[in-house]
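Below is one structure; the comments refer to it alone.
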Amino acid sequence: MSTLAAQAISTRRLDLLPLHVEHAEEMAAVLSDPALHTFTGGTPDTPQALRSRYQRMTAGSPDPAVSWLNWVIRLRDESCLTGTAQATVGPSGHGPLAEIAWVVGTPWQQRGIATEAARGLVAWLTRQPVHTVIAHIHPAHRASTAVATAAGLTPTDERHEGEIRWQRSIRR
């Protein structure tokens, strides 16, 4: 599998823009609510810590068979960043697999932004050499289960670190 690169994705209201280190300061404010870490653990990053993290992420995976694809979510009408979306694409026994995740800052939640971003991301992945899309979601995280359902993923019986594996096979 050749390495994939994040490309801009546009939906009705959003632009998913490839992540750049320069996004760190605005994203630190977007992701500053400790409640965003309820299901994932950890604490909000400072702008400096996020800049360092974004430098590592944009450098790419050290494994040439794995692509790290990261976007910031921009709400076009308000011209502001509202969250992130990501996909890690790598080989699996059934063909290339994309593990996706998303997060939307607290002030922009319950507006359909995560759903629209996830749908746009999955639609983009269906045009890439990807066979399966998965997400791991905490069983009590109702908002993320709704987003995964809207993006066409269904829960499986598999668990990973206490989270449910959601999956969508891409038909070619």
Open item on the list: Could you go through Trp71 and Gln86, starting from their C-alpha distance and side-chain angles, then the distance that decides it, and tell me whether this counts as side chain to side chain donor-acceptor pair (under 3.5 Å)?
Closed with: CA-CA 6 Å; Trp71 293 264; Gln86 64 185 51; over 6 Å; no
TODO: List the steps, then state whether side chain to side chain contact (heavy atoms under 4.5 Å, CB included) holds for Asp45 with Leu31.
DONE: CA-CA 8 Å; Asp45 283 329; Leu31 303 174; over 6 Å; no
Task: Intermediate values then yes/no, side chain to side chain contact (heavy atoms under 4.5 Å, CB included), Ser79 and Arg74 - done: CA-CA 7 Å; Ser79 193; Arg74 181 179 168 270; 3.4 Å; yes
TODO: Could you walk me through whether Thr84 and Leu19 pass side chain to side chain contact (heavy atoms under 4.5 Å, CB included), step by step?
DONE: CA-CA 9 Å; Thr84 62; Leu19 178 71; 5.6 Å; no
Task: side chain to side chain contact (heavy atoms under 4.5 Å, CB included) evaluation trace for Val30 with Trp108 - done: CA-CA 9 Å; Val30 169; Trp108 299 276; 3.8 Å; yes
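Between the side chain of Asp63 and the main chain of Ala65, a donor-acceptor pair closer than 3.5 Å is present. When atom types are taken as modelled, the side chain of Thr126 and the backbone of Ala123 share a donor-acceptor pair closer than 3.5 angstrom. Counting only distance, with no hydrogens or angles, the side chain of Arg119 and the backbone of Val147 share no donor-acceptor pair below 3.5 Å. With Thr132 contributing its side chain and Ser169 its backbone, the two residues share no donor-acceptor pair below 3.5 Å. Of the possible polar contacts, none joining the Arg165 side chain to the Ile137 backbone as a donor-acceptor pair under 3.5 Å is found. A distance-only check finds no donor-acceptor pair linking the side chain of Gln167 to the backbone of Pro155 [under 3.5 Å]. A donor-acceptor pair under 3.5 Å is absent between the side-chain atoms of His20 and the main chain of Glu22, judged by distance alone.
Rounded to the nearest 0.5 Å, atoms OG1 (Thr43) and CG (Leu36) are 11.5 Å apart. Residue Glu25 holds its CD atom at 12.0 Å from CG of Leu81, rounded to the nearest 0.5 Å. In this structure, the separation between CG on Leu69 and CG on Leu121 is 8.5 Å, given to the nearest 0.5 Å. Between the OG atom of Ser52 and the CE atom of Met57 there is a distance of 12.5 Å, given to the nearest 0.5 Å. Taken to the nearest 0.5 Å, the CZ atom of Arg56 stands 13.0 Å off from the CZ atom of Arg51. Expressed to the nearest 0.5 Å, how far CD1 of Ile164 lies from NE2 of His141 amounts to 12.5 Å.
Nearest heavy-atom pair, Thr11 versus Gly120, reported as atom, atom and distance to 0.1 Å: CG2-CA, 3.9 Å. Between Ala118 and Trp102, the shortest heavy-atom distance links the atoms CB-CE3, 4.2 Å. Leu14 and Ala117 get closest at one heavy-atom pair: CD1-N, 3.6 Å. Considering all non-hydrogen atoms of both residues, Ala87 and Ile100 come closest at CB-CG2, 3.9 Å. Summarising the geometry of Ala6 relative to Pro18, their closest heavy-atom pair is O-CG, 3.6 Å, with the distance given to 0.1 Å. Here the closest heavy-atom approach between residue Pro129 and residue Leu4 is recorded as CD-CD2, 3.8 Å.
Partner of Arg168 under the side chain to side chain contact (heavy atoms under 4.5 Å, CB included) criterion, chosen from Val122, Thr154, Ile134: Val122.
Listed by chain and number, the residues in a ring pair (Phe, Tyr, Trp, His ring centres under 6.0 Å) with His37 amount to none (sequence neighbours excluded). Listed by chain and residue number, Arg13 satisfy the salt bridge (charged side-chain N to carboxylate O under 4.0 Å, His left out) test with Glu116 (two or more places apart in sequence, or in another chain). Taking the ring pair (Phe, Tyr, Trp, His ring centres under 6.0 Å) definition, one finds that Trp68 meets it with nothing, sequence neighbours left out.
If you check the side chains of Gln109 and Arg111, you find no donor sitting under 3.5 Å from an acceptor. The closest side-chain donor-acceptor pair between Glu161 and His136, if any, does not fall under 3.5 angstrom.
With a 6.0 Å radius and a threshold of 12 heavy atoms from other residues, nucleotides or ligands, Gln55 has its CD atom above the threshold.
Linking ILVMFWY side-chain heavy atoms closer than 4.5 Å, directly or via other members, places Phe39 and Ile113 in two distinct hydrophobic clusters.
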